[in-house]
Protein chains: 2
Amino acid sequence: MSTDDTNGEAPRRVRIEDVAAQADVSVATVSRALRGLPNVAASTRRRVVDVAEQLGYQPDPAAARLAAGRTNTVIAIVPHLGSWYFSNVVAGIEAVCTQAGYDVLVIGADEPSRVDRLIDERAQLDRRADGVVLVDLPVASELAESLVRRRVAVATVGWRVGDHPAVVLDDPAVGALAAEHLLHFGHRDLGVIGGDLDPIAFEVPERRLRGFREQCQRYGVDVAAERIVGGGFRLDGGYAAMAVLLEHDPPTAVFAMSDEMAFGALMALQERGLTPGVDVSVIGVDDHEFAHVVELTTIRQNVVDNGAAAARALLAAIQDPRTTTGDAEPAEAETPTFSLVARSSTGPLNGHRADRTLSSRLP
Amino acid sequence: MSTDDTNGEAPRRVRIEDVAAQADVSVATVSRALRGLPNVAASTRRRVVDVAEQLGYQPDPAAARLAAGRTNTVIAIVPHLGSWYFSNVVAGIEAVCTQAGYDVLVIGADEPSRVDRLIDERAQLDRRADGVVLVDLPVASELAESLVRRRVAVATVGWRVGDHPAVVLDDPAVGALAAEHLLHFGHRDLGVIGGDLDPIAFEVPERRLRGFREQCQRYGVDVAAERIVGGGFRLDGGYAAMAVLLEHDPPTAVFAMSDEMAFGALMALQERGLTPGVDVSVIGVDDHEFAHVVELTTIRQNVVDNGAAAARALLAAIQDPRTTTGDAEPAEAETPTFSLVARSSTGPLNGHRADRTLSSRLP
DNA sequence: TTGTAGGCGTTATCAC
DNA sequence: GTGATAACGCCTACAA
């Protein structure tokens with residue numbers, strides 16, 4: 001009797017050579033047959049596949065990597081794994097990559113030192129993956145360059161590097177849309193809560209600000225520099241920023257560049273007894289799940305799709321043979337869409353609602 | 001002149017053999033020296049390390065894996081990558097593993113079919129990683145078993161499997177604490193918003209419910225079955241659950257098993273003109289960043305730490321030689337702490353606040 | 001269409 | 001303490 005029914009024991013691994021013997025072909029043929037390569041007789045392929053299935057054969061990833069030089073792995077590098085935006089981007093990347101048979105490695109770049117470590121050649125990103133998705137990390141354009149030099153496919157989310165596939169929201173348009181919404185309500189004293197705080201310092205804020213300002217100018221409105229405050233794309237940052245804005249010469253409407261910051265801003269308002277949309281209007285970006293809860297007007301985007309689109313473009317680049325020779329086409333990724341979702345956190349200037357009696361205005 | 005200043009070209013990879021030649025020793029010695037193994041003369045080691053540094057040598061992960069049988073990789077499997085709780089657990093895992101030189105692979109198990117695919121031996125989790133962290137996936141205890149059989153280290157978060165290191169909150173105590181808080185305020189008509197909705201079906205809800213009920217019994221209070229509603233640990237689920245609770249014979253206080261569900265519950269209250277903490281008290285679990293924003297009373301836990309603790313225990317198990325022989329110690333992981341954070345979403349029964357006039361009660 | 005054999009870059013087991 | 005050298009398991013020209 002054979003020994004394969006001893007349970008509790010780790011089953012002996014079946015190798016390609018076992019399949020070859022059983023199917024009565026060479027290992028080369030097994031390899032070709034199983035990977036769907038050409039030059040294998042249909043009948044042979046069927047036989048090999050059957051045997052492999054029956055034996056439960058699966059190639060060893062490590063061996064395949066070493067021999068083929070491909071890792072079947074994608075790395076996702078994000079500023080912070082725990083944040084709403086980034087974790088959803090990662091979710092999109094993972095769904096697409098796993099589906100395509102790629103492993104996905106995550107790396108958080110919370111601290112600048114971690115980015116440095118990645119730029120360092122010793123990180124060997126090129127040996128660990130076939131492609132990398134860089135999410136909002138322009139600090140590290142050197143990283144991108146070194147990756148490209150080492151023949152690692154690159155795709156980005158939120159910023160661009162060279163002409164690699166990039167999933168970038170039309171941020172100026174987003175800024176302009178936000179401005180338009182507020183201006184349309186009659187607001188002329190506008191504030192902005194943007195980036196520019198610690199660990200994340202990326203390009204998104206300036207692009208959104210630019211669009212916002214340009215739109216304002218069309219209305220002959222100027223946004224004072226003191227009314228542009230950094231919030232670091234975090235809840236507490238948004239809270240602090242709104243506090244600053246309210247401190248002196250408060251605006252009647254505020255554009256927060258992310259919903260999370262907007263939530264913080266709402267919090268600051270409520271603590272002062274001010275009603276969002278009545279005393280001060282607030283518009284955010286993202287359409288975070290909670291935007292609905294607090295009735296936040298926002299500009300919606302599909303974050304998971306952003307990640308998925310980047311992953312698809314990356315895989316396409318990896319699988320495109322021309323990528324290696326350097327003359328692949330730009331391989332542009334889809335451009336994300338966005339749309340205004342109006343809720344009650346924004347409203348007309350001096351638009352105290354009839355059904356409200358508690359609201360008060362600043363002196 | 002050498003060719004190494006041709007830029008734009010992918011630099012030729014330096015192999016262990018190059019280091020060996022340059023340092024005038026064998027590859028075996030280089031390998032030992034670089035990995036800090038014994039039986040290497042101090043002077044030799046210094047020389048080898050210097051040369052390696054100078055040449056920028058780094059071992060190829062794929063080759064090392066194939067030869068050593070270790071992957072230096074950890075897999076984190078979570079029900080949903082984009083959710084607040086899980087993404088923070090992953091952040092904790094990643095921080096610890098990366099720090100220790102391990103790669104971390106993420107796998108989302110959103111759909112049951114994905115779990116099945118992992119259980120299938122063809123997923124070869126054992127060949128792709130040295131250890132796996134299973135987060136809230138008791139659906140897949142078969143998965144855990146198969147992993148163990150294949151000698152992959154396992155650690156869990158949120159549930160237990162065998163006596164592998166597990167990071168599990170004392171859920172009954174959490175439930176009891178929530179109950180105590182509400183009961184102390186005089187509430188006797190209690191509702192619960194728990195799990196039991198689609199994709200996530202884990203052990204946490206029943207444990208929290210048990211503790212909650214037991215504490216109630218100490219006060220002679222019974223929680224009617226109709227007042228225990230599933231919310232799937234999601235915002236919308238919490239919203240819907242609260243709507244159900246309010247529909248008929250509404251409770252005066254509700255225990256939501258996660259803050260996200262609590263947020264949904266608050267939303268349902270507000271839509272009806274009910275004031276949290278006055279008309280209906282709500283207590284959550286987690287101390288999500290937004291709990292502060294909406295003044296949600298909650299039971300705080302440190303989610304990132306949970307992931308980190310699991311990772312630490314996992315790495316310890318991986319590095320413990322006894323693990324392989326099967327007689328390693330249980331290697332218990334740290335038990336997470338928790339604490340009540342009282343805010344205004346909970347308050348005394350019939351405790352209409354003096355400064356409130358708009359609040360109304362249900363008929 | 002199929003098989004042979006060299007190589008991928010390390011690790012680990014021996015002798016020395 | 002050090003050095004050959006055989007694995008590790010697969011891929012892929014090249015030959016047949």
Side-chain angles (χ1 to χ4, degrees), chain A residues 10-49 51-52 55-73 101 124 126-128 130 151 321 324, chain B residues 10-49 51-52 55-73 101 124 126-128 130 151 321 324:
Chain A
R12 170 146 10 314
R13 276 170 181 155
V14 26
R15 297 161 305 173
I16 194 173
E17 136 189 322
D18 301 322
V19 179
Q22 183 84 22
D24 201 38
V25 293
S26 71
V27 294
T29 300
V30 174
S31 179
R32 283 186 294 246
L34 259 27
R35 285 181 304 149
L37 296 185
N39 294 328
V40 177
S43 62
T44 306
R45 170 160 297 154
R46 228 185 335 270
R47 188 153 36 91
V48 171
V49 169
V51 172
L55 265 43
Y57 169 74
Q58 289 292 119
D60 181 320
R65 284 167 198 191
L66 181 57
R70 283 177 255 96
T71 62
N72 264 311
T73 300
Q124 296 201 106
D126 56 328
R127 275 174 158 170
R128 305 201 285 166
D130 302 329
R151 307 253 144 105
T324 318
Chain B
R12 167 139 26 304
R13 276 169 181 156
V14 26
R15 297 162 305 173
I16 194 172
E17 150 186 310
D18 301 321
V19 178
Q22 182 85 24
D24 201 38
V25 291
S26 71
V27 294
T29 300
V30 173
S31 181
R32 284 186 293 248
L34 259 27
R35 287 182 301 149
L37 296 185
N39 293 328
V40 177
S43 62
T44 305
R45 169 161 295 150
R46 226 185 336 271
R47 187 154 36 93
V48 170
V49 169
V51 171
L55 265 42
Y57 168 74
Q58 289 292 121
D60 181 321
R65 283 168 198 191
L66 180 57
R70 282 176 257 98
T71 61
N72 265 273
T73 299
Q124 296 203 106
D126 55 327
R127 274 174 159 171
R128 305 201 286 167
D130 302 328
R151 308 252 144 108
T324 319

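A note on names: the letters A, B, ... follow the listed sequences, proteins ahead of strands, and every chain is numbered from 1. These numbers come from a predicted model, not from an experiment.
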Would you mind reading off the distance between B:D126 atom CG and D:dG9 atom P, rounded to a whole angstrom?
12 Å
Atom pair distance, as rounded to whole Å: CG in A:L66 and P in D:dA7:
17 Å
Counterpart residues, side-chain hydrogen bond (donor to acceptor under 3.5 Å, both in side chains), relative to A:R35 (two or more places apart)
A:S31
Please name all residues satisfying side-chain contact (heavy atoms from CB on, under 4.5 Å) with A:A64, sequence neighbours left out, ordered by chain then number.
none
Contacts of type side-chain contact (heavy atoms from CB on, under 4.5 Å), residue B:P61, not counting sequence neighbours
A:Q124, A:R127, A:R128, B:R65
With heavy atoms of chain A within less than 4.0 Å as the criterion, where does contact along DNA chain C begin and end?
C:dT1 to C:dG9
How would nucleotides 11-16 of chain D be written as a contact map, 5' to 3', with B for base contact, S for sugar-phosphate-only contact and - for no contact, using protein heavy atoms under 4.0 Å?
SB----
Among all residues two or more places apart in sequence or in another chain, which pass the salt bridge (charged side-chain N to carboxylate O under 4.0 Å, His left out) test with A:R32?
none
Taking atom P of D:dC8 as reference, at what distance in whole Å does atom CZ of B:R127 sit?
12 Å
Sequence neighbours excluded, the answer for side-chain hydrogen bond (donor to acceptor under 3.5 Å, both in side chains) partners of B:R45 is none
For B:D126, side-chain hydrogen bond (donor to acceptor under 3.5 Å, both in side chains) partners two or more places apart:
A:R13, B:R150
Could you work out, with side-chain contact (heavy atoms from CB on, under 4.5 Å) as the rule, every residue matching B:V25, not counting sequence neighbours?
B:A23, B:T29, B:V30, B:T44, B:R47, B:V48
Which comes earlier along DNA chain D counting from the 5' end, the contact point of B:R47 or that of A:P61, where each point is its nearest nucleotide?
B:R47
If the condition is side-chain contact (heavy atoms from CB on, under 4.5 Å), which residues does A:A67 pass it with, not counting sequence neighbours?
none
Over its full length, what angle do the end axes of the helix from C:dT1-D:dA16 to C:dC16-D:dG1 make, each axis taken from five pairs and the result rounded to 10 degrees?
30°
Less than 4.5 Å apart, side chain to side chain, heavy atoms only: is that true for B:L34 and B:V49?
yes
